[in-house]
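Structure, as structure tokens:
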Amino acid sequence: MALSDFERRRLEELEQGLLHDAPDLAHVLESRWSSHRRSARRVLGVLALIGGFALVVVGIAAQLVIVGISGFLLMIAGTTSYFATHQGPRGHPQRPGKPPNDKRWPTQ
């Protein structure tokens, strides 16, 4: 179910208010969500790697080159998904639990 324009604007206002009023809470909530996404991406990568390996074995056993090649490509996609990291400012990998170098976050 999609949000209406009014609901979307209201949600954006609430997010901005949270960032302004409680930046520490906003950072904690944001880092938890990103860690869940990172975990899901890694699980998906491992599953794709295992599935790709199974396709390679099936392709060899059945002597179907296209199945083996598609399995190999699936293994590459799974490995890429597993090792993909969230890029921080200026393309540097962002360490989990550390806020981005932004004006909203006070530096200590």
Side-chain angles (χ1 to χ4, degrees):
M1 185 166 97
L3 296 175
S4 69
D5 289 337
F6 173 76
E7 292 170 332
R8 197 173 302 126
R9 280 192 304 263
R10 183 66 182 140
L11 183 60
E12 289 174 7
E13 290 172 6
L14 289 171
E15 289 174 0
Q16 292 301 321
L18 177 64
L19 286 173
H20 185 272
D21 296 339
D24 294 334
L25 175 62
H27 172 67
V28 167
L29 293 175
E30 184 177 293
S31 66
R32 284 186 183 166
W33 174 251
S34 65
S35 71
H36 289 301
R37 275 187 284 159
R38 195 170 28 253
S39 297
R41 175 174 281 185
R42 290 198 173 190
V43 168
L44 182 64
V46 168
L47 291 175
L49 185 66
I50 292 169
F53 183 73
L55 279 177
V56 168
V57 171
V58 168
I60 291 171
Q63 296 181 352
L64 295 171
V65 176
I66 192 72
V67 174
I69 290 173
S70 62
F72 181 73
L73 293 175
L74 185 60
M75 287 172 53
I76 290 174
T79 304
T80 302
S81 176
Y82 181 82
F83 288 111
T85 60
H86 175 69
Q87 296 294 316
R90 297 188 209 142
H92 298 293
Q94 182 177 331
R95 293 188 306 202
K98 183 173 172 88
N101 189 9
D102 195 348
K103 294 176 184 173
R104 297 180 300 200
W105 309 104
T107 55
Q108 296 174 348

Residues 66-78 side chain polar contacts: donor-acceptor under 3.5 Å, at least two apart:
| unit_1 | atom_1 | unit_2 | atom_2 | d |
| --- | --- | --- | --- | --- |
| Ser70 | OG | Ile66 | O | 3.1 |
| Ser70 | OG | Val67 | O | 2.8 |

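- Shown here for Arg41 and Ala84, the closest heavy-atom pair between the two residues is NH1-CB, 3.5 Å.
- Not a single side-chain hydrogen bond (donor to acceptor under 3.5 Å, both in side chains) links Arg9 to another residue, sequence neighbours left out.
- In this structure, Phe6 shares a hydrophobic cluster with no other residue, the cluster being traced through Ile, Leu, Val, Met, Phe, Trp and Tyr side chains under 4.5 angstrom apart.
- In this structure, the separation between CG on Asp5 and CZ on Arg10 is 15.5 Å, given to the nearest 0.5 Å.
- Shown here are the side-chain hydrogen bond (donor to acceptor under 3.5 Å, both in side chains) partners of Glu7, two or more places apart in sequence or in another chain: Ser4.
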Validation: residues 57-64 side-chain donor-acceptor distances under 3.5 Å, sequence neighbours left out:
none

